[in-house]
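Have a look at the structure below before the remarks.
The chain is numbered in sequence order, starting from 1.
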Amino acid sequence: MEKLLSFTLKTKGRISGLFRRKETSLAIFATLISTSTFSNETTCGNTEQAKALSLLIANDLRQQRKVLLCNPTLVALAEDKAKDMAERGLVSHFLGGSPNTRIRNAGLTLPEYYGDAMSNQVEALAGGYITADDVWYALKTSTSHRQHLLGELPFYEEQDQIGIGFYKDYSTPHVEYWAIYLTKLADEVDNRDDPHGSEPSTVLIKRKKKFENVPDKGLGIVTEGGEIILQTKKPGQ
């Protein structure tokens, strides 16, 4: 199935790009004559390697999401996380706070049913993989990472905000460091009923949708030495 990566701009800096899958007769015809996917040049990441990974995630034939929005704040967070891991010489989710906490501390609002300060429903990490193809293959061999990045569970499928960071330092243990943030944010609407006639303000709406299964990726990471699986407490435990 073809997946088209298109571009849009929105106000207030929340979204810088739009990944959108379009299923048309032309796309079906193209699939019949070619096994490759098609995207335009709009990507999501701080480097060429990170951008290449964004295309692999968006265009994967098993991707369950129809839309992925490139969030500049998440790209900045991912870049900072990749650099932080390189400086410390390790790959870890809990550096200066948990993944969920890092997003909240950046001023973004997660839905109210996301986990607390010890939770991770938003971050995928890898170290020691040179190319986007290599790291994507490794991430897909991990059940928890595959479910998250491809939206294989209902909880993950509604996540539509993404940002990817890559950093390389030959003097560090893993050399290459990859960080992916993929999450849902609390919905926003403009409040245009301001009696004072000032600029429209943003109202955050916390989604009330609940899930029978709220997964937690825990501490699991993927490195050139294999997958390391550790778990944290799930929300509500």
Side-chain angles (χ1 to χ4, degrees), residues 5 7-10 12-19 39 41-60 65 68-110 114 117 119-139 142 145 148-149 156 159-185 217 219-224:
L5 190 64
F7 181 78
T8 189
L9 288 174
K10 293 187 69 175
K12 300 182 181 179
R14 184 181 180 200
I15 298 168
S16 65
L18 171 66
F19 297 77
S39 298
E41 295 180 356
T42 303
T43 50
C44 187
N46 69 312
T47 67
E48 291 305 314
Q49 294 92 333
K51 293 174 182 178
L53 179 57
S54 74
L55 292 179
L56 292 174
I57 294 172
N59 291 323
D60 194 285
R65 303 173 181 89
L68 279 172
L69 302 168
C70 185
N71 188 301
T73 301
L74 294 181
V75 173
L77 281 177
E79 180 178 12
D80 288 344
K81 184 59 179 283
K83 289 180 178 179
D84 193 11
M85 291 192 295
E87 291 174 359
R88 298 171 187 254
L90 51 82
V91 180
S92 173
H93 288 289
F94 290 85
L95 301 177
S98 73
N100 285 16
T101 298
R102 289 176 71 93
I103 287 182
R104 290 179 173 123
N105 288 346
L108 301 178
T109 304
L110 296 176
Y114 272 53
S119 297
N120 175 24
Q121 285 100 32
V122 301
E123 183 183 76
L125 304 176
Y129 294 94
I130 299 174
T131 69
D133 286 308
D134 289 340
V135 73
W136 184 227
Y137 177 82
L139 289 168
S142 164
H145 289 83
H148 176 212
L149 298 176
Y156 290 134
Q159 292 181 329
D160 60 356
Q161 304 277 326
I162 192 170
I164 301 178
F166 174 82
Y167 189 75
K168 186 172 185 176
D169 186 342
Y170 284 105
S171 67
T172 63
H174 298 283
V175 182
E176 295 89 11
Y177 299 82
W178 304 80
I180 305 166
Y181 285 104
L182 181 50
T183 187
K184 173 70 183 177
L185 299 179
K217 298 176 72 269
L219 307 178
I221 60 173
V222 176
T223 71
E224 68 275 24

### Message
Run the side-chain contact (heavy atoms from CB on, under 4.5 Å) test on Leu139 and Ile57 for me, step by step, so that the C-alpha distance in whole Å, both residues' side-chain angles and the decisive distance to 0.1 Å come before the verdict.
### Response
CA-CA 10 Å; Leu139 289 168; Ile57 294 172; 5.9 Å; no
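- Of all heavy-atom pairs spanning Ala132 and Ala52, the tightest one is CB-CB, 3.8 Å.
- Of the inter-residue distances, the one linking His174 atom NE2 with Tyr167 atom OH reads 15.0 Å to the nearest 0.5 angstrom.
- Side chain of Asn46 to main chain of Phe166: a donor-acceptor pair is present (N/O by atom type, distance under 3.5 Å, no hydrogens or angles).
- The closest donor-acceptor contact from the side chain of Arg102 to the backbone of His93 lies at 3.5 Å or more, if one exists at all.
- In terms of heavy-atom proximity, Pro173 sits nearest to Gly89 at CG-O, 3.3 Å.
- The closest donor-acceptor contact from the side chain of Trp178 to the backbone of Tyr129 lies under 3.5 Å.
- At a threshold of 4.0 Å, the pair Lys83-Glu87 does not count as salt-bridged, since none of the basic side-chain nitrogens sits closer than that to a carboxylate oxygen.
- Using modelled atom types, one side-chain atom of Thr131 and one backbone atom of Asp134 make a donor-acceptor pair closer than 3.5 Å.
- Taking every heavy atom of both residues into account, Leu149 and Trp136 meet most closely at CD1-CZ3, 3.6 Å.
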### Intermediate values then yes/no, side-chain contact (heavy atoms from CB on, under 4.5 Å), Leu95 and Leu90
CA-CA 10 Å; Leu95 301 177; Leu90 51 82; 3.8 Å; yes
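- A distance of 9.0 Å separates OG1 in Thr73 from CG in Leu185, rounded to the nearest 0.5 Å.
- Counting all heavy atoms, side chain and backbone alike, Gly45 lies closest to Ala50 at CA-CB, 3.8 Å.
- The distance from the CG atom of Leu110 to the CD atom of Gln161 is 10.5 Å, given to the nearest 0.5 Å.
- Considering every non-hydrogen atom in both Leu182 and His148, the closest pair reads O-NE2, 3.0 Å.
- Between Thr183 atom OG1 and Asp160 atom CG the span is 8.5 Å, to the nearest 0.5 Å.
- Between the side chain of Asp84 and the backbone N or O of Asp80 there is no donor-acceptor pair closer than 3.5 Å.
- Although no hydrogens or angles enter the test, the distance criterion places a donor-acceptor pair under 3.5 Å between the side chain of Gln159 and the main chain of Gln121.
- A pairwise comparison of heavy atoms in Ser92 and Leu125 identifies O-CD1, 3.3 Å as the closest pair.
- For the atom pair CG (Leu77) and CD1 (Ile164), the distance works out to 13.5 Å, reported to the nearest 0.5 Å.
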### Task
Carefully, step by step, assess Lys81 and Tyr177 under the rule side-chain contact (heavy atoms from CB on, under 4.5 Å).
CA-CA 9 Å; Lys81 184 59 179 283; Tyr177 299 82; over 6 Å; no
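- To the nearest 0.5 Å, atom CG of residue Asn71 and atom SG of residue Cys44 are 8.0 Å apart.
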### Message
One pair to check against side-chain contact (heavy atoms from CB on, under 4.5 Å): Leu74 and Ile162. What are the steps and the verdict?
### Response
CA-CA 6 Å; Leu74 294 181; Ile162 192 170; 5.6 Å; no
